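Structure, as structure tokens:
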Amino acid sequence: MKEAASSYSAQDVEAEVRQYWDDEDVYRRVKTLREGATRFFFVDGPPYTTGHIHLGTAWNKIIKDAVLRRERMRGFDVVDRAGYDMHGLPIEVRVEHELGFTSKKDIEDYGIAEFVERCKTFALDHKDIMSEQFRQLGVWLDFEDPYQTVSEEFIESAWWVLQRAEEKGLLERGHRVVNWCPRCETAIADSEVEYWDEADPSIFVKFPISGRDGEFLVIWTTTPWTLPANVGVAVDETFTYARVKAVRDGAEEILWIAGDLVESVLRKGRYQDYTVLETHPGSDLVGITYESPLAAAVPAQKEIAHRVVAAGFVEMENTGMVHIAPGHGWDDFLLGIAEGLEVFCPVGGDGRFTADAGIFEGLAVRDANEEVLGALDEYLLAKETIVHRYGHCWRCKMPIIYRATEQWFIAIPAIKEEMLGEIARVAWYPEWAGSARFHDFVADARDWCISRQRYWGTPIPVWVCDACDARRVFGTIAELEDASGAVLEDPHRPYVDEITVPCACGGTMRRVEDIFDVWFDSANASWATVGFPRRREEFEALWPADFITEGQDQTRGWFYSQLGASTIAFDRAPYRSVLMHGFALDAEGRKMSKSFGNVVSPEEVVAKFGVDVLRLYLLSANAPWDDLKFNWESVTTVNRAVNILWNVYRFPLPYMILDGFAPECGENGRWEAGYVLANHASMPVEDRWILSRISSLAAAVEKDLQEYQLHRATRGLITCILEDISRWYVQLVRPRMWLEEDAPEKTSAYETMYYVMRRLVQLLAPFTPHITEAIYRNLRTDADPASVHMLDWTAGDGCLIDDALERAMDTVRAFDDAVATARQAGRRKLRWPVAQTVVVTGDEEVAGAIEGLRALCEARANSRRVEVVRDRWERIGWRAEPVMRGIGPSFGKEGPTVKALIEQADGNLLKAALEEKGEATVGEGDAVYTITAAHVTFEEQLPADVFAAPMSGNATVYVDVALDDDLEAEGYAREVIRRLQEMRRQLDLRVEDFITVDVSVDDARVAALLAGDWQDFIMQEVRASSISLRASGGAAGATAADLRKEWDVEGITMVMAVSARQ
RNA sequence: GGGCCCGUAGCAUAGCUGGUGGUGCACCCGGCUGAUAACCGGGAGGUCGUGCGUUCGAAUCGCAUCGGGCCCA
């Protein structure tokens, strides 16, 4: 054992520990230690390899690390392979940016091979940067060999699943409306769409009804550019629609508008007057045909048979009639299929109109809005601007469009019931994450569009014959190489695109150009992480995962994609238990974002307070599943707790070292808590108490962790350090630390303190791995495991738990508080002894606790005697209070005299007389009055020097602060001692050093009080080899002293001189 | 527009199987001090987001509404 630094420096401690872990390869050794034990299969949700980690990413990995460190301590051989998500559009966009590209054409001109190579380099570089950042957070995952979605092995696992989907008939190719980014020129998933407010035109348009001149259907839209693709109008069959004659500037026209909306629509169109001619249910309108108002501008529109159809999604808003363009809307598309409407989509992948769009050809769709409005001419009934939420590409932030395209889908609805059944079998923390949130999400799930028209991703392993259109899905690279006769060096584009396969029909099969949605990559993590399908043993032994944990955003992300892929492949969920955690927000509960400037980086916190404080803060601040509102003040508070842990740890070290203390060990030389387990029955009561507390704490921590109540576990630990160890046990045990002789009480104190620290670091190790390692390494015996992280987990020593003692000690602490309050009221400092302290209570448990722990109470209260009185303490007197309401009627104008007499009377005598005879007399001579209970009430009266304070638990504490010579002498002696100790400290003396002392007191009486026994007491307490204590004015004190100070002690000047003994 | 979660003193948080609202930090006053840029006691500070309802009684249950977050449309 070495002494510890006098103040905790996170930087020093953590750097040293990290150095030790590196030098000794501790992480590997911990893993080796558990090899061969029961496996615990954890799967890391792969962060995307772009940019740096933020507080949320840090929180995520810290939760994982805390859980896994504990599982290792519990004896499991933990599968802890880190993972990275490395394909996809975000990286493509970053690389495009670096190269100054603006379109897919730029990429193709540059060369797909070169482009993909740059994407790969980007992903690999950022993977390494992030691994280093995670390591800096003390995260022990396997970053040496992480699974990477770009690896051949991983790609193969995705292929294998797609082949299963094909076998089950779940893989579909179809013409669908998808979210389309016109800049990236690809379909993007619903989950890749970000919404924010955008200003758009809000227009009301007249569609001329066929064969009825001057009669129109009125529709509303915010996307004028979709009008060239209009093929129908939807109505609700049950709504009432009005046929209205409307007048504007003298001209009349007939308009169809939903009845309730006529007024508002016509006002927007600035019509001066109108008459409702007739009303009809929507069902009557179905089948009406109309012409496109853009027929002149878009020739293709002339060929389209426009008609009114019924739909369930129409709402009583705007005009109650919905413009239908199946090529540009999801609902429109489904309705179009159902109604046999044409799917017309005159927009290309670049977001520009094609030749089918007539005069609009070549225009980017959103830019074409103005042109369309112009072409509408008199058909435009009204135009406003609306600000509404509109979707944008998550990477390039361009507004998305909806576009009907050829895509690949997984038919999720076909396996939805199975997925819901699996959700119910998984253990969710919290429960509602699965039963409510995830369940509802999956219940609404639609087909999953898995294809993207991009370059950097897992290629979709589908080959289609250019002659007969037959298709083949390859599940492994070997299978593809077999069929093609070619060797695939790299499964990425463009290499894989070069592979052709002969078709049975004699034609040639070529790969479809698409790549997978990145979510389809990470969906395979649970089997790819153990090398499936190439290697099967691990998979069969381990899968599905025992535990995963990710943020609530992954409900629609990784929790979902994994469940989907796993249901396709194995008909079951890929995880047994899931902890869903919250989001890291700023102090105001707002999302951290660069544009708000409210981002707090993990590095910032680490630089100020260290990794352990960051970890303990993140884990204790709130429940894992609640959003975390980052708060610097709370971080400071946690920092304080960690500092106190350090202080508590270092407090006994100098004494232990001085005494050459070594904890009692087993025959193998390891510490096994042998001393306390064997001797606890005979140990001092405060030792037994703290041993019980630590054991109870361990049991509580265990229970909390079983439910992933990480915040409760960590808060329990922090509270124990602060309340039980620092504020109580250390205070109680302190005197025993400097007992000179080899006393059994001292051994007991050392063994207890040692036990407390050993158990504490064991329980804290998963959460604050550095400081616990530093403490453990200093405390461990040579035969003990080298690292705290090699220890076995503990749920506490049940045999040390003594509930009754814990309750009794709670009572003593309440007593301690009450004494302090009473002393404060009596203005008697704790340093000054008092003669008597009395606890008045009718509560036998309180009485028993005080009496059972009387010596402790006396020491804490600095009281010569502590007594319990069951009913009434005889020293509490009664003060008589006159009752004027009774005195007035009885004594008339003598009332004030009686009042004064009662106030002066001895309340105790008065009360006794009244209780005995029912009446009493006050006054003397001629003025004697007889009073009864009607004239007086009694209040408690404390003797002059007694002060009271209520104590929780039906008790009151009374402290008699009166001084006699002896008490006063001790008080002054303690005042002198405290100041001499302060001087020792200023001289920076070691605990074992002796001093010589000279004290001159500017008060002869006090100097006399201190002479004799008290002088010896002072010598002993301050470790003085000689002392000269006298009244000042006599011979001058020694002139030479290491330190001389003049003190004001309770108004008396004392000059003290201290020298270290040579 | 829908689903889920959160909303308690200046800040953070406990209580949420209904019975007079706790704790920590910060603040003010006092004390202690051989852990000492620690520690202890006391005090002040709350419309438990808002409204309505159920109940003898609601922070706690129900409905509505507002604000924040994640997700979906």
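Per chain, numbering begins at 1; letters A, B, ... match sequence-line order. Because the structure is a prediction, the values reported are computed rather than measured.
For B/rG10 and B/rU50, the P atoms lie 13 Å apart once the distance is rounded to whole Å. Taking atom C1' in both B/rA26 and B/rG43, one finds a spacing of 15 Å when rounded to whole Å. Taking the P atom of each, B/rG57 and B/rG1 are spaced 36 Å apart, rounded to whole Å. Going from the P atom of B/rC63 to that of B/rC25 covers 39 Å, rounded to whole Å. A gap of 16 Å separates the C1' atoms of B/rU55 and B/rA59, to the nearest Å. Rounded to whole Å, the separation between the P atoms of B/rC72 and B/rG15 comes to 31 Å. Taking atom C1' in both B/rU54 and B/rC11, one finds a spacing of 35 Å when rounded to whole Å. Rounded to the nearest Å, the gap between the P atom of B/rG49 and that of B/rA12 is 14 Å.
Side-chain contact check for A/R860 and A/Q731: no donor-acceptor pair (N or O, by modelled atom type) lies under 3.5 Å. Side-chain contact, A/D517 with A/W448: a donor N or O sits under 3.5 Å from an acceptor N or O. Remark: the A/Y750 side chain and the A/D659 side chain contain an N/O donor-acceptor pair separated by less than 3.5 Å. Side-chain atoms of A/Y649 and A/N778 form a donor-acceptor pair, as typed in the model, at a separation below 3.5 Å. In summary, the side chains of A/W832 and A/E975 do present a donor paired with an acceptor at a separation below 3.5 Å, with no hydrogens or angles considered. Using modelled atom types and a 3.5 Å distance limit, the side chains of A/E723 and A/T719 yield no donor-acceptor pair. Using modelled atom types, one finds a donor on one side chain and an acceptor on the other under 3.5 Å when comparing A/W220 with A/S202. Checking A/H323 against A/T226 by side-chain atom types alone, a donor-acceptor pair falls below 3.5 Å.
As rounded to whole Å, 11 Å separates atom P of B/rG34 from atom CG of A/L980. What separates CZ of A/R734 from P of B/rA38 is a distance of 15 Å, to the nearest Å. In this structure, A/W728 atom CH2 and B/rC32 atom P are separated by 17 Å, rounded to whole Å. Protein atom CD1 of A/I644 is 13 Å distant from nucleotide atom P of B/rA37, rounded to whole Å. Following rounding to the nearest Å, A/R813 (CZ) and B/rC39 (P) show an atom-to-atom distance of 15 Å. In this structure, the CG atom of A/D817 is 20 Å from the P atom of B/rG30, given to the nearest Å. A/D724 has its CG atom 19 Å from the P atom of B/rA35, to the nearest Å. If you take CD of A/E723 and P of B/rC39, they are 11 Å apart, rounded to a whole angstrom.
Nearest to the side chain of A/Q981, among B/rG42, B/rG34, B/rC25, sits B/rG34. Candidate nucleotides B/rU13, B/rG69, B/rC39 were compared by shortest atom distance to the side chain of A/N622, and B/rU13 ranks first. The side chain of A/F583 approaches B/rC70 more closely than any other nucleotide in the set B/rA12, B/rA38, B/rC70. Distances were taken from every side-chain heavy atom of A/T821 (C-beta onward) to each of B/rG42, B/rC11, B/rG69; the shortest belongs to B/rG42. Comparing B/rA12, B/rU13, B/rC25 by their closest approach to the side chain of A/S634 singles out B/rA12. With B/rC32, B/rG41, B/rC70 as the choices, the nucleotide that has an atom nearest any side-chain atom of A/Q824 turns out to be B/rG41. Distances were taken from every side-chain heavy atom of A/R556 (C-beta onward) to each of B/rC11, B/rC72, B/rA35; the shortest belongs to B/rC72.
Residue-level contact check: A/R712 touches the backbone only, with heavy atoms under 4.0 Å from sugar-phosphate atoms and none from bases. As judged by a 4.0 angstrom heavy-atom cut-off over every strand, A/V648 is placed among the base-contacting residues. Residue contacts for A/Y655: at a heavy-atom cut-off of 4.0 Å it reaches the sugar-phosphate backbone alone, with no base atom in range. Counting any heavy atom pair closer than 4.0 Å across all strands shown, A/E982 reaches no nucleic acid atom. The residue A/T555 sits apart from the nucleic acid: no heavy atom pair falls under 4.0 Å. Using a 4.0 Å heavy-atom distance criterion, A/R823 is classed as making no nucleic acid contact. Base engagement by A/S726 is indicated by at least one non-hydrogen atom pair under 4.0 Å involving a base atom.
Legend: side chain to side chain donor-acceptor pair (under 3.5 Å) pairs involving residues 616-626 of chain A, not counting sequence neighbours: none detected.
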Protein-nucleic acid N or O pairs under 3.5 Å, nucleotides 1-10 of chain B:
residue : atom : partner : partner atom : Å
B/rG3   : O3'  : A/D440  : OD2          : 3.4
B/rG3   : O2'  : A/D440  : OD2          : 2.7
B/rC4   : O2   : A/R437  : NH1          : 3.4

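Heavy atoms from other residues, nucleotides or ligands lying under 6.0 Å from OH of A/Y655 number more than 12.
RNA chain B is contacted by both A/R827 and A/R978; A/R827 maps to the nucleotide lying nearer its 5′ end (nearest heavy atom per residue). Nearer the 5' end of RNA chain B, as judged by each residue's closest nucleotide, is the contact made by A/I725, out of A/D553 and A/I725.
Seen from the ring of A/F441, A/R556 does not count as a face-on cation partner, given the 6.0 Å and 45° thresholds.
Base pairing in RNA chain B yields stems of at least 3 consecutive Watson-Crick or G-U pairs, both distances under 3.5 Å, namely B:1-7 with B:66-72, B:10-13 with B:22-25, B:27-31 with B:39-43, B:49-53 with B:61-65.
Contact annotation: A/R715 side-chain N/O to B/rU13 OP1/OP2 distance is not under 4.0 Å.
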Checklist entry - Could you go step by step and tell me if A/R437 and A/E431 meet the salt bridge (Lys or Arg N to Asp or Glu O under 4.0 Å) rule? => result CA-CA 10 Å; A/R437 194 181 168 125; A/E431 188 273 337; over 6 Å; no
